[in-house]
Amino acid sequence: MSDLIFVPREEHGLLADTLNRLLPEPSSAPKDRNALWADLAQSGALAVGLSEDEGGLNDARAVGVVAEQLGRHGAVSPFVGSSAVVARLLAKSSSADSSAGLRARLGDGSTVATVALLPDQPLAVVRTGDKYKLDGARRLVPFGAEADYVLVDGTSSDGAHVLALVPKAAFRIERAVIGIDGCPYADIVFSDSVIGGELVLGMGVDAERLWAWCGDAYLAALCADAVGAMATLVQMTGDYLRVRQQFGAPLSSYQVLQHRFVDMDMALTESRTVAEWAAGLLDADHDRERRQAVITAHFIVMRSATKISQDSVQLHGGIGMAQETPVGRYFKRLLTLPLLFGDEDRPAATYGNAD
Amino acid sequence: MATLFSPEEEAFRAEVRSFISEKLPGDLRDRMLSGGRPTREDKVVWTRILHERGWGGYSWPKEFGGPGFTPVQRYIFEDEAWQAGAPEVVPFGMKMVAPVIMKFGTAAQKAYFLPRIASLEDYWCQGYSEPGSGSDLASLKTRAVRDGSHYIVNGQKIWTTEAHDADWIFCLVRTSTTARKQDGISFLLVDMKTPGITVRPIITFDGYHEINETWFENVRVPVENLVGQEGQGWTCAKYLLEKERLNFGGMGFCKRELARLKRLAAEGAVAERRPLDNPLFKARLNALEMRIHATDLTNLRFLRAEQRGEALGLPAPYLKVLSSHLQQDVLELQMRMLGPDALPVSLAGGSNETLDAISEYANVAPNYCNYRKTTIYAGSNEIQRNIAAKSLLG
Ligand SMILES: Cc1cc2nc3c(=O)[nH]c(=O)nc-3n(C[C@H](O)[C@H](O)[C@H](O)COP(=O)(O)OP(=O)(O)OC[C@H]3O[C@@H](n4cnc5c(N)ncnc54)[C@H](O)[C@@H]3O)c2cc1C
């Protein structure tokens, strides 16, 4: 596609407007998750990452637009795992033809998929005939207890990567928790879990490459989500500084607060730049280019998120600490990034090695 | 060679240490050393233990029933107590209202209130802030109108820490609207059981109940509960700030949480990820530890000056700003170090009660959230810098 990064397509604006109208006000209490999901499905937002034939825009940048709106409105949903990663992965993998039905269901929201992002526990995959057997565990899978499929990266007996999409009938929920970020997570266990060969999306080097793409796609969407959440915090803080009076003058008249606020907006601006850049390169032919962009986005967004979330609370004063004030909800939402993917030290350490 | 502490002070430290290790209940200590927050009962239990030893008002001079510690002894006492896992005493009583009563109170007030504070018979809270008056405290509007032998109080306080646990509240109230706004303020002690007081919880975004709205509707307060003269409340409040400028618990907290951070890094599943072998994490940890040292020692240096009777620098704003950031930073590094292990805070469908059932890690992210308060309360850091700048630059 010959689209230019930083030049939005017309569809991007329309999509953002639609979601902006559809989603609850950023300051209102979060909507019931099922109702929200149904709304998203109806708006077509869950399918934007799919091809034009499948009702989408075949455009990672459009996925970023949706993620940003979700972040901006504080909407809790499995969009990133299901639409931004698994649905698009299916289109990239060798089983692209056979997975058309599943992609359609992910696109219309009737099926939900997620990604087991933390591959820090053993997960053995053994081939038996035309089936595969999985044994092991994955922890803190986002929306793990609600998803119909979970994407996992396991290891075959000869040490090769295996990328598999496991239906929920084949795993067990060990523990379901709520994260500080307001998202549900589940620890899941596979024991003698048998899946059909069509659900193995990649093997060996192929699986490794696809899995790396999945991580980057997740991270890029999370960065876009964070940009949305940060935009809301900047907006709310600016509004508050203009109305709150102390010492007979609005807080916005105090220079030290003006500078703090400008720094917040500057951080947001830079974050948007790198988030858009990363989304634009997500489907680049060269993995290296994509990696560099995503790692940079992770670094810059992480720093901005810390600054903006902390300063938003600070500049609100006592009221910023109250649960009733929406600021805290966005503050906590912005913790997904460091807790799941690491803080800025991680990208700072890996930046040069991106191959 | 020079030393930080004299042999006598070291002996005092040893005495405090052995007292605490003997008397502090083990389960309470373990909860405090694993990031737990003390309950009202915890504080009562611990204060009573201190009280038996004559340390109930440990920051007080002998004439008011305290042990008469030197400033450095107080520092040592708190340093030991924090690191050993003792819960903090209720600051609103011992450290805030008590010194004001000692300085401005009547003989009857001293005789009645001070012993009850030392034994934690009375649990105090602080009623200064109002919805419209935070940083600009002197603009407060809660009215106290004289009616014979009583004041009738109407208005609203907010962010009142532990009002739901408290027996008494000390309030700044407006007794005159004609004077300069600072001069129309009075310092009033109010029994929380008085009819007309309503306490409504404010849940903070970490999910806990520690602060409140406190409403006053025609609350009748006996005139003998006025501290100092009518209109002298601002003087009392300023004196309180000066009294409290040193020796607040912040650095003890930092050292305790730094120790927890190191323990968490070296234990269990987290240790398998070898955070201590990660040079970036190690550098962050070392930097934090050195900063904690520097501020802790700065505190000590200020105390040495105080002990010599010298005024040195700007202890109040500097220690507040430095210590509040360190408290936040140590909790932030705990959370970042745990990474995914810090995510779960409750069981799905469960309540906060299930937090501890998950793991010791479940309080780390909420504590990080909660401690955003330290740069806001007790005079926000911006206000502290305003005060310092005015003093430095005129
Ligand atoms: C957890 C918690 C517990 C508390 N407990 C108590 C308690 O027990 N009793 C009690 O009385 N109060 C308590 N407080 C209230 C606390 O003292 C106030 O929140 C604080 O004084 C700030 O006031 P505010 O919240 O109205 O914020 P504001 O004064 O509205 O300030 C908002 C922001 O503007 C900044 N600002 C304001 N004026 C200026 C200026 N002139 N120049 C530069 N920056 C400025 C502030 O620093 C802050 O960042 C508590 C607060 C918290 C968060």
Side-chain angles (χ1 to χ4, degrees), chain A residues 117-118 120 139-140 142 145-146 173 175-187 244-249 251 254 256-257 260 306 309-310 312-332 335-336 338-346 348-349, chain B residues 129 131-139 158-159 202-208 210-211 269 272-273 278-281 283-284 328 332-333 335-350 354 358 362 364-366 368-370 372-373 375-377 380-383 385-386 389:
Chain A
L117 293 160
L118 301 172
D120 56 359
R139 65 191 187 117
L140 296 172
E146 297 164 29
I173 306 294
R175 190 181 71 154
V177 298
I178 305 295
I180 185 74
D181 57 356
C183 289
Y185 292 87
D187 296 344
R244 171 71 170 173
Q245 304 245 347
Q246 285 293 278
F247 305 100
L251 294 181
Y254 297 115
V256 68
L257 302 184
R260 283 278 273 280
T306 303
S309 56
Q310 294 180 350
S312 295
V313 173
Q314 181 67 24
L315 299 192
H316 274 79
I319 208 156
M321 289 299 301
Q323 190 165 54
E324 228 172 84
T325 313
V327 169
R329 192 151 49 85
Y330 291 89
F331 179 101
K332 291 185 287 186
L335 295 176
T336 311
L339 298 186
L340 271 184
F341 282 91
D343 63 17
E344 63 264 38
D345 286 353
R346 181 90 52 94
Chain B
S129 307
S133 309
S135 298
D136 182 14
L137 187 58
S139 68
I158 196 167
W159 321 121
I202 298 174
I203 306 301
T204 41
F205 74 85
D206 57 334
Y208 284 78
E210 111 187 354
I211 56 178
E272 283 165 31
R273 293 206 306 269
N278 173 351
L280 287 176
F281 172 73
R284 279 188 192 264
Q328 295 177 336
E332 183 170 357
L333 195 57
M335 182 185 71
R336 287 174 172 222
M337 192 270 297
L338 289 183
D341 291 303
L343 261 176
V345 292
S346 61
L347 294 171
T354 57
I358 296 185
V364 170
Y368 162 70
C369 293
N370 183 269
R372 301 320 303 170
K373 68 188 177 186
T375 44
I376 298 171
Y377 66 17
S380 77
N381 285 22
E382 289 73 31
I383 295 303
R385 288 186 173 96
N386 284 350

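Chain letters run A, B, ... following the sequence lines, proteins first and then strands; every chain starts at 1. Side chains are part of it too, since the values below use all heavy atoms of this structure and drop only hydrogens, waters and symmetry mates.
A donor-acceptor contact closer than 3.5 angstrom is absent between the side chains of S135(B) and Q246(A). Side-chain contact check for Q310(A) and E332(B): at least one donor-acceptor pair (N or O, by modelled atom type) lies under 3.5 Å.
Both the backbone and the side chain of L280(B) come within less than 4.5 Å of a heavy atom in chain A. Contact annotation for R273(B): only side-chain heavy atoms (C-beta onward) come within less than 4.5 Å of a heavy atom of chain A. Neither the backbone nor the side chain of S139(B) comes within contact range of chain A; no heavy atoms are under 4.5 Å apart. Heavy-atom distances place the side chain of L140(A), and not its backbone, under 4.5 Å from chain B. If you measure heavy-atom distances from S129(B) to chain A, you find no contacts under 4.5 Å at all. Neither the backbone nor the side chain of L333(B) comes within contact range of chain A; no heavy atoms are under 4.5 Å apart. For T306(A), the part lying under 4.5 angstrom from a heavy atom of chain B is the side chain only. Heavy-atom distances place no part of P279(B) under 4.5 Å from chain A, backbone and side chain included. The contact between F247(A) and chain B is made by backbone and side chain atoms together, counting heavy-atom distances below 4.5 Å.
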For a side chain to side chain contact (heavy atoms under 4.5 Å, CB included) check, start with the C-alpha distance between T204(B) and Q323(A), then their side-chain angles and the critical distance, and finish with the verdict. CA-CA 5 Å; T204(B) 41; Q323(A) 190 165 54; over 6 Å; no
Report the C-alpha separation of V313(A) and F205(B) in whole Å, then their side-chain angles, then the decisive distance to 0.1 Å, and conclude whether the side chain to side chain contact (heavy atoms under 4.5 Å, CB included) test is met. CA-CA 10 Å; V313(A) 173; F205(B) 74 85; 4.1 Å; yes
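By the salt bridge (charged side-chain N to carboxylate O under 4.0 Å, His left out) test, E382(B) pairs with R260(A), sequence neighbours left out. With sequence neighbours excluded, the residues that form a ring pair (Phe, Tyr, Trp, His ring centres under 6.0 Å) with Y368(B) are F331(A).
Separating the OG atom in S309(A) from the CZ atom in R372(B) is a distance of 7.5 Å, to the nearest 0.5 Å. Taking CG from N370(B) and CE from M321(A), the interatomic distance works out to 5.0 Å, rounded to the nearest 0.5 Å. Considering CG of L339(A) and CZ of R336(B), their distance stands at 9.5 Å, rounded to 0.5 Å.
Nearest heavy atom pair, residue L347(B) against residue R175(A), reads CD2-CG, 4.2 Å. Closest approach of P340(B) to L118(A), counting heavy atoms only: CB-CD1, 3.5 Å. When all heavy atoms of S380(B) and Q314(A) are compared, the closest pair comes out as CB-NE2, 4.3 Å.
Using a 4.5 Å heavy-atom cutoff, the side chains of I319(A) and W159(B) are in contact. Looking only at side-chain heavy atoms (C-beta outward), M335(B) and L335(A) come within less than 4.5 Å of each other. With a 4.5 Å cut-off on side-chain heavy atoms, P366(B) and I180(A) count as touching. With a 4.5 Å cut-off on side-chain heavy atoms, L343(B) and R139(A) do not count as touching.
Looking only at heavy-atom pairs under 4.5 Å with chain A, the residue among D341(B), N278(B), I202(B), I158(B) that has the most is D341(B). Ranked by heavy-atom pairs under 4.5 Å with chain B, the first of P338(A), A145(A), G328(A), G342(A) is G328(A). Contact count against chain B (heavy-atom pairs under 4.5 Å) is highest for K332(A) among H316(A), K332(A), Q245(A), E324(A).
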